[in-house]
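This structure is a prediction, so every number in the text was calculated from the model and none was measured. A note on names: the letters A, B, ... follow the listed sequences, proteins ahead of strands, and every chain is numbered from 1.
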2 protein chains.
Amino acid sequence: MKKRTSLKDIAEKLNLSKTTVSWVLNGQAEKKGISKNTQEIVLNCAKELHYQPNLIARSLNIGQTKTIGLILPSISDFFYSSIAREIENQANLHGYSLMIASSESDFNKEELVIQMFKSKGVDGIIIAPTKRSKVEIERLMLEKFPLVTFDRYFPELETSYIIIDNKESSYKLTKHLVSRGCKNIALITTNSYLTTMGERNEGYKQALLDSGIKFNPTLVGNVEYEDYETKIVKILDNIFEKVPDVDGFFFTTHILALEAFLYFNNRGIDFNRQFQLACIHGVSLFKILAPKINIARMPVADIGKNAIDILLGEIREKNEQSGEKGQYKVVLPCTLYLNN
Amino acid sequence: MKKRTSLKDIAEKLNLSKTTVSWVLNGQAEKKGISKNTQEIVLNCAKELHYQPNLIARSLNIGQTKTIGLILPSISDFFYSSIAREIENQANLHGYSLMIASSESDFNKEELVIQMFKSKGVDGIIIAPTKRSKVEIERLMLEKFPLVTFDRYFPELETSYIIIDNKESSYKLTKHLVSRGCKNIALITTNSYLTTMGERNEGYKQALLDSGIKFNPTLVGNVEYEDYETKIVKILDNIFEKVPDVDGFFFTTHILALEAFLYFNNRGIDFNRQFQLACIHGVSLFKILAPKINIARMPVADIGKNAIDILLGEIREKNEQSGEKGQYKVVLPCTLYLNN
DNA sequence: CTGAAAGCGCTTACAG
DNA sequence: CTGAAAGCGCTTACAG
């Protein structure tokens, strides 16, 4: 097995020092005043031997890996994989690679992943955190480790974060359903302990309040994350039983909407005709499944771009050891698509 | 800024050598006969100082990163993100983390990613390759770099790979459409230069041949990858114009099917009633969109598990420098879901 | 039962 | 214009 060619190999072959070779290969040749001739020789030799630097060694030396860690609840969720894509693109533009891990909304796994990423030397972490993972997150804060959360955040912690205007979008969607004549709007939501979801629920309530409609707890279906496919069935059954004249549905995630559509379909319910619908975020298939659904579309590209920009900013700050670490809070607006 | 605690810190604090501390912390204490007492002291101190090993340093030393690189055409494609999820889970079980990159089906980007992953020291690469990326792949082969391709493969190269029974599944699906009475089955496919797709196309042709139906090139719609949303419209328009009595559609990917459904929908075509449908792979929404579509479901979990098992096998082989590198070829069957 | 020392492949202050 | 040498934080043969 032929070993990879190293700086040393090139240096020995050329009777130069590793220093010189390193400088040339890192574009410091001019600054260090290496002769044109030497530069050329080194470059040629490197190409010839197909030199690829060992970035591990460099990382150990400079304390940076040019890698960032991305932690998502689940990479196979369409929203998160879209975000991942944006973040990857943006990271690439700045010369960074991505380590990805799914927390499966399990805070034990999340803590393990954070530790692993740190051990493996990522320069920063972007995370859509699970509720309880505060221990490791707080430690990251203490260490001033570059970190940005998105989609979710901890009001009590001073991490940078990027979220959407949850309450406002929910408010507007609900208001719109009311304006379309709805009196009994069901709220289908999940993980209400997340501030993100709490805010969406509040928007719904506030809209009802402002419209003079009494909030009816029976119309709230809180679908727990695990095994939601079966849970939502019971929840919807219950709503139809207790409030037969339900006339609208507000879904706080597209996953819930899709699952509900399956339910309606199985029950033979012509949901597009019978109900006004609204949802936070949407997928292109809604055009077929529910052409008249009202959507607050999340700014996926913006979320990704902001996440990287802020994280790289924090990394820069840290390297310049400017002492204080800033906190960047970004609230991005959703784009509303309202029908009629 | 407090520096992370290192082996040296612990050693100095305890008046022990780095050697001893390292052995204890790596579970080699018994083998090396470290006294129980020393073990305890070290472990406690490590916990107290919240020691987290610098895996970069270890990697540089042992030449392994316990990280594998995953290269996908696009992480936001549901099929690939599902695979990514399986691979991540399997990798985690074996103590590996994942670096992920999207090639965007661009072989230049793919080559860059491969080089980057190698430079960053991944122990092996799992890739769904783009047609032309053979240069770097061949180099990986030459270097006996642990590598497995999935979904696609290169017949001329001796890489390990995992594919599905493309021809057979396509054959059976097409045959089924024929048995349901179809005479004019359109084939909607993409990237036909990929062996994967070539095989699917062949299965279709073979089924027609065996059924005594003449192959009609006009019924073949080859949707190129870039900008497929608009291209498929033209292609479908063309088919309807030239072969108005088209009575069946075989889609070689679920993406194409979904896009076609959008088209049908926009044109007001009641496709579920008018046509027999078949598709390689499916998504749960098909239950609503096209309840009677015939599916050959890809074994996502199996693909992921096999990919990791084979890759880890190759990594092991390489470390044991057993000289020869085996080639593992796995062809997994799809599960057919046929209606009526 | 424990330690001194070399080495993994780079970078970089220092010296000339 | 170029080089010798230390160091990043680990692991591990070797020695005792």
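Phosphate contact (OP1/OP2 of dT2(C), side-chain N/O of S17(B), threshold under 4.0 Å): absent.
Heavy-atom distances under 4.0 Å link DNA chain C to no residue of residues 37-46 of chain A.
The main-chain N or O of T65(B) is found under 3.5 Å from a side-chain atom of T67(B) such that the two form a donor-acceptor pair. With hydrogens and angles ignored, the 3.5 Å screen pairs a side-chain donor or acceptor of E110(A) with a backbone N or O of T130(A). With hydrogens and angles disregarded, a donor-acceptor distance shorter than 3.5 Å links the side chain of Q327(B) to the backbone of T159(B). Within the 3.5 Å criterion, the main-chain N or O of S6(A) finds a donor-acceptor partner in the side chain of D9(A).
The distance from atom CG of L14(A) to atom P of dT2(D) is 11 Å, rounded to the nearest whole Å.
When all heavy atoms of Q90(B) and I308(B) are compared, the pair lying nearest together is CB-CG1, 3.6 Å.
Applying the salt bridge (Lys or Arg N to Asp or Glu O under 4.0 Å) test to residues at least two apart or on different chains, the pairs with a partner in residues 34-56 of chain A are K13(A)-E48(A), E30(A)-K36(A). Within the structure, the salt bridge (Lys or Arg N to Asp or Glu O under 4.0 Å) test picks out the following pairs touching residues 305-314 of chain A (sequence neighbours left out): K305(A)-D309(A), E314(A)-K325(A). Every pair passing salt bridge (Lys or Arg N to Asp or Glu O under 4.0 Å) that includes a residue from residues 87-99 of chain A is listed here, sequence neighbours excluded: E88(A)-K109(B).
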Protein-proximity profile, nucleotides 8-16 of chain D, B/S/- by nucleotide at the 4.0 Å heavy-atom cutoff, equals BBBBBB---
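Put simply, the side chain of M99(B) does not reach to within 4.5 Å of the side chain of M116(B), judged on heavy atoms.
Where pairing requires Watson-Crick or G-U contacts shorter than 3.5 Å, the helical stems of DNA chain C with at least three consecutive pairs are C:1-3 with D:14-16, C:5-12 with D:5-12, C:14-16 with D:1-3.
Among the atoms of the strands shown, only primed sugar atoms or phosphate atoms (P, OP1, OP2) are found under 4.0 Å from some heavy atom of N15(B).
Between the side chains of D151(A) and Y80(A), at least one donor N or O sits under 3.5 Å from an acceptor N or O.
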